[in-house]
Amino acid sequence: MSGGTPKTLCSSGQRSLQEICHPLSAEDSSVLTPSPDVGTAAATGSIGEKDLSLPNGTPVDTSSPASSSSLLNRLQLDDDLDGETRDLFVTVDDPRKHVSTMETYITYRVSTKTTRAEFDLPEYSVRRRYQDFDWLRIKLEESQPTHLIPPLPEKFVMKGVVDRFSEEFVETRRKALDKFLKRVADHPVLSFNEHFSVFLSAKDLNAYKKQGLALLTKMGESVKYVTGGYKLRGRPVEFAAMGEYLDVFTQKLGTIDRIAQRIIKEQSEYLVELKEYGPVYSSWASFEAELQEPLEGVAGCVANCCSALEELTEEMCEDFLPVLREYVLYIESMKNVLKKRDQVQAEYETKLEAVAFRKEERSGVSPQMPTDVEKCQDRMECFNADLKADWDRWQNNKRQDFRQLLTGMADKNIQYYEKCLAAWESLIPLLQDKQENGKPETN
Amino acid sequence: MTTAEQGTTLLKTMEINVAEAEKRTGKNAVNMLETYTVYLIETRPVDTVSEGISPTPDSLWRRYSEFEILRNYLLVTYPFVVVPPLPEKRAEFVWHKLSADNMDPDFVERRRVGLENFLLRVASHTALSNDKIFFTFLTEENGWKEIVFETGFQAKADSRLKALNATFRVKNPDKRFAEMKHYGDELQSVISQLLRVRARVADRLYGVYKVHGNYGRVFSEWSAIEKEMGDGLQSAGHHMDAYAASVDDILEEEEHYADQLKEYLFYMDSLKAVCRKHELTQFELEMAAQDLSSKKQQREELATGTVRTFSLKGMTSKLFGQETPEQREAKMKVLEEQIQEGEEEVKEKNSECDEFVNNAWCDIERFKDQKDHDLKEALISYAIMQISMCKKGIQVWSNAKECFNKM
């Protein structure tokens, strides 16, 4: 990023216009205290020394705060294409089992490398359990309600059905948690969230969790939107389209999930028969002379195909299905954000109507729009802007994710066939060699 | 065309194939209308083909039941030969897609191949191919049935069947035949099992491939709501459809492998029949020998006057008095005659037995080599089929992967 990085970035949807710090302001001290006169500062002073042009030389439009996050989104997008300018790297690995008298659970190592100023150290390594990730996600949803928060893998697993401590399950989870953190780290707004920073760096997260609760009540402002009670007049076309798209997309994902499951089932049944098939050749070989080697060879090939098939089915279960399901969850949370947006718009429209209605009733003209209606309007506009920007990012990520998922599926199938091919091809010279050495066909 | 010279096989001079199959309707023995299939047998002298001249082949039509008659005739006439089997009368070891209907075109086609194979096997056997009835079967459509029944083979066929099913104990069978019979049982059992399991495997494989076709549909529907991803998804979907469709050809080809196994499954009946025939001839020899030895025993007793063996005559003579010397001499004469006949018979039976053992074992050795060669070929072609299937799979998924990459 050009220029110095700001200490923290405020989400535009959280507070009133006057309270919003300019995203590129260097004077911003803490996330909780509003800085004065942000509106004017935007055009002068604090940002004067900074080069605010985009890397390609386009001057930056800093006048409208509503565009600030989309601005950074654009910058961040460039960063994505050029990995060297990224300044935060996160990895989840090294799962370990912890056994205590109360419970048994798994922790994962979360490693961070960063050049960002708000971090005291350039590197961090902490251990976190699933609960902690879940806490982080809730915090992000609460503090950034206008953004699309990436999903976590499923929280609840039926004990007895799934082994929570099996290598496969832990590995699948680890991959999903790694993806979750990477997506947050890549998000231009979410990656600067304080909860996220603490998650990555704090030695004792539990202490912070408790502290956080107290801070929130101190603030006194509920960050949850009032839901319900407001009726939406008309949804803007783009958001209606998003909703429709998500509905159809969910449906298609559900179908693909069912098909994949069906294939796994058919493959398992095929495997059962194959496992019976190979040994018949072996028992035949046991009472043959000339044919013994060829028959054993065939039995061996079938056995190799069996293990290749087992691997394929396993991989589909472990890698393919969980990612698919993750997306369904992702879409669910996105639909919730869309609903919230609708609510915000509905609230604004209702209040606006009430004002207009009151205006008509009074003889005089009201001096100005009441502040709470203005607040509503800004809330709505910021929400819409954030959502639009996140939507494009989401579409891009989705495209990459599915390209990866489906090419992965194709690869696994190719590998399966290659293993089988190798097995059968190695048998041919053995069979043909014996044929040439054997007696020719006589009458 | 003339029959082949002794020592060579008909196939060396004659090209044979079963070219076509056709449906016919006609009245049967009880004057009822029936539909049946006839097969066109074409024959052509080999020399003309090699010289480059291709005259129109001679041809005639035969139905399955006529092949059966021919085979029964051969079984009876050449009991020391492991006679080739006919393709199955009804479709067995079917997996769900394969029709069990005799009129099904695929079944008829596979039967045509099986009948041709039968004729080629017979025509390449030194003994069988020189048979006149076989030659007439190939060359004269009308009147063949009368000719073959004139040989009286039917009666022999009935008694053969009875003998095969009879139970008797042989004291000194040739061990090799006993082992061969045991081998026949084992091979029948294992091939039956193999064919059963293979049919189930085919069924399951079919399911796996066909379900992938559903991807084709859903990718197509999904591509409708996508912008950049749409094309890649759509084309990938087409490849999934192609993958699902490919299993039909794969399994059709595998049926040839199953047919090769079935041929040897059915061959085992012939093999076991030859072993059984040996037991029968051996048994007859042993019976004749036993008969002879008991007659000799009786002669000895008569000569020495001692009665070692129990006989009704002995008892009655004890009760009612001895025989007169004249009576005894008459009896002795009869016994001598019987003994002489008996010795002739034993000699005959012995040489019969030896001849059978030699001829049969020779043919069994020939059969063993043929079996080893053929089954190895079958396994090779099966492996090649599997390789082809794998390569097709790699191709389709690579194509799909390319499409996914363009998403």
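On a predicted model such as this, the values are computed, not experimentally measured, just so you know. So that the names make sense, note that chain A is the first sequence line, chain B the second, and so on, each numbered from 1.
The closest side-chain heavy-atom distance from A:E276 to B:R200 is below 4.5 Å. A:Y270 places none of its side-chain heavy atoms less than 4.5 Å from the side chain of B:D203. In this structure, the side chains of A:M409 and B:W397 come closer than 4.5 Å at one or more pairs of heavy atoms. Side-chain atoms of B:L375 and A:W284, non-hydrogen and from C-beta on, do get closer than 4.5 Å to each other.
Rounding to the nearest 0.5 Å places CE of B:M240 at 11.0 Å from CD1 of A:I259. Here OH of A:Y281 is found 6.5 Å from CG of B:L379. Values are rounded to the nearest 0.5 Å. Note that OG of B:S398 is 8.5 Å distant from CG of A:D411, once rounded to the nearest 0.5 Å. With rounding to the nearest 0.5 Å, the separation of CE in B:M407 from CD in A:Q404 is 11.0 Å. In this structure, B:Q395 CD and A:Y417 OH are separated by 12.5 Å, a value rounded to the nearest 0.5 Å.
The minimum heavy-atom distance between B:I380 and A:Q432, with the atom names listed, is CD1-CG, 3.8 Å. When every heavy atom of B:F404 is checked against every heavy atom of A:R403, the shortest pair comes out as O-CG, 3.2 Å. In terms of heavy atoms, A:T407 sits closest to B:K401 at CG2-O, 3.9 Å. A:E266 and B:G207 make their closest contact through OE1-CA, 3.7 Å (heavy atoms, listed as atom of the first residue, atom of the second, distance).
The local environment of CG in B:D231 is sparse, with at most 12 non-hydrogen atoms from other residues, nucleotides or ligands closer than 6.0 Å.
Proximity to chain A (any heavy atom under 4.5 Å) is shown, for B:F367, by neither the backbone nor the side chain. Looking at A:A260, the atoms closer than 4.5 Å to chain B (heavy atoms on both sides) sit in the backbone and in the side chain alike. Both the backbone and the side chain of A:L295 come within contact range of chain B, judged by heavy atoms closer than 4.5 Å. Interface residue A:E288: only side-chain heavy atoms are found under 4.5 Å from chain B. Only the side chain of A:I428 comes within contact range of chain B, with heavy atoms under 4.5 Å apart. For B:L187, the parts lying near chain A are the backbone and the side chain together; criterion is any non-hydrogen pair under 4.5 Å.
Of all the listed residues (B:N214, B:I191, B:I384, B:L205), the one sharing the greatest number of non-hydrogen pairs under 4.5 Å with chain A is B:L205. Interface check for chain B: of the options A:L421, A:L405, A:L291, A:L406, the most heavy-atom pairs under 4.5 Å are formed by A:L406. Of all the listed residues (B:Y382, B:Y215, B:F219), the one sharing the greatest number of non-hydrogen pairs under 4.5 Å with chain A is B:Y215. Per-residue heavy-atom pair counts under 4.5 Å with chain A were compared for B:Q193, B:E226, B:K391, and the maximum is reached by B:E226.
Contacts between residues 321-329 of chain A and chain B, counted as heavy-atom pairs separated by less than 4.5 Å, involve no residue at all. For residues 243-257 of chain A, a heavy-atom distance under 4.5 Å to chain B picks out A:Y245, A:V248, A:F249, A:K252, A:T255, A:I256, given by residue number.
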* To do: Just do the salt bridge (Lys or Arg N to Asp or Glu O under 4.0 Å) check on A:E290 and B:K371 with the steps written out, would you?
  => CA-CA 10 Å; A:E290 271 286 302; B:K371 170 211 63 145; over 6 Å; no

Candidate pair A:Q395 and B:K227, rule side-chain contact (heavy atoms from CB on, under 4.5 Å), full reasoning | CA-CA 10 Å; A:Q395 282 284 9; B:K227 297 192 194 91; 5.7 Å; no

